[in-house]
Amino acid sequence: MQKLMEVNGGIRRDFVLGKDEVELFRQKEYARLHASTVCKVKFFSDVVELTLDKKLKTTRSTALVKVERSVDGVVAKGIGLAASAYAIIDLGGKAVGYAIRHGWLAFIGITAS
């Protein structure tokens, strides 16, 4: 969580590491412990929002990740759907042409001219 915070704007003011929270509890510093918990919950909310907006930064934000994000859009999906439909129609047409040339559809009156 700490690394993710660092990459996405820095460590929050009230953030305390889990191992240090144990000591806060032992010292009965409940207000600081509560502030740290609230800080972490708010950060998780921000992570979800950034993820949905496709703006979450990670240390793995490489070219591959950027390519993956670019093909996840509506336009890319539309192009993929159109290409798939074209390939299916083209393959079907070739299969019917092959069947006609070899006389496989003669029993229903379709023959090669």
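All values reported here derive from a predicted model rather than from experimental measurement. Atom set for the values below is all heavy atoms of this structure, side chains included, hydrogens, waters and symmetry mates excluded.
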**Request:** List, by chain and number, the other hydrophobic cluster members for I100, where Ile, Leu, Val, Met, Phe, Trp and Tyr join if side-chain heavy atoms come within less than 4.5 Å, directly or indirectly.
**Result:** V96, L105, F107, I108, I110
**Request:** Mind checking side-chain hydrogen bond (donor to acceptor under 3.5 Å, both in side chains) for D14 and listing every partner two or more places apart, or none if nothing turns up?
**Result:** none
**Fill in**
salt bridge (charged side-chain N to carboxylate O under 4.0 Å, His left out) pairs touching residues 102-113, sequence neighbours excluded, are none
**Request:** Name all residues meeting the side chain to side chain contact (heavy atoms under 4.5 Å, CB included) criterion together with T51; count only those two or more places apart in sequence or in a different chain, and write none if there are none.
**Result:** V47, L56
**Request:** Show which residues join V22 in its hydrophobic cluster (side-chain heavy-atom contacts under 4.5 Å, direct or indirect), or state none.
**Result:** none
Which pairs would a plain distance check flag for residues 30-39, meaning a side-chain donor or acceptor within less than 3.5 Å of a matching protein atom at least two apart in sequence or in another chain?
residue: R32; atom: NH1; partner: E29; partner atom: OE1; Å: 3.3
residue: S36; atom: OG; partner: V16; partner atom: N; Å: 3.2
residue: S36; atom: OG; partner: V16; partner atom: O; Å: 3.4
residue: S36; atom: OG; partner: E21; partner atom: OE2; Å: 2.6
residue: T37; atom: OG1; partner: L33; partner atom: O; Å: 3.0

**Item:** Check against side-chain contact (heavy atoms from CB on, under 4.5 Å), R26 and E23
**Value:** CA-CA 5 Å; R26 285 187 185 136; E23 191 57 36; 3.7 Å; yes
**Asked** How would you list, by chain and number, every residue that makes a side-chain hydrogen bond (donor to acceptor under 3.5 Å, both in side chains) with K77, sequence neighbours excluded?
**Response** none
**Request:** Return the set of residues passing ring-ring contact (aromatic ring centres under 6.0 Å, His included) with Y86 (not counting sequence neighbours), or none when no residue passes.
**Result:** none
**Prompt:** Taking only residues two or more places apart in sequence, or in another chain, which ones meet K54 in a side-chain hydrogen bond (donor to acceptor under 3.5 Å, both in side chains)?
**Reply:** D72
**Request:** State yes or no: do L50 and F15 share one hydrophobic cluster built from I, L, V, M, F, W and Y residues joined by side-chain heavy-atom distances below 4.5 Å, directly or via other members?
**Result:** yes
**Sub-4.5 Å side-chain heavy-atom contact between L24 and D20** = no
**Asked** Tracing side-chain links under 4.5 Å among I, L, V, M, F, W and Y, which residues wind up in one group with V7?
**Response** none
**Request:** Write down the atom of N8, the atom of K55, and the distance for their closest heavy-atom approach.
**Result:** OD1-O, 4.2 Å
**Request:** Go through L52 and V48 one step at a time and tell me if the side-chain contact (heavy atoms from CB on, under 4.5 Å) criterion holds.
**Result:** CA-CA 6 Å; L52 292 173; V48 169; 4.1 Å; yes
**Prompt:** So which pairs with a foot in residues 87-100 pass side chain to side chain donor-acceptor pair (under 3.5 Å), sequence neighbours left out?
**Reply:** D90-K94
**Message:** Show me the pairs that pass salt bridge (charged side-chain N to carboxylate O under 4.0 Å, His left out) and involve residues 2-13, at least two apart or across chains.
**Reply:** R12-D46
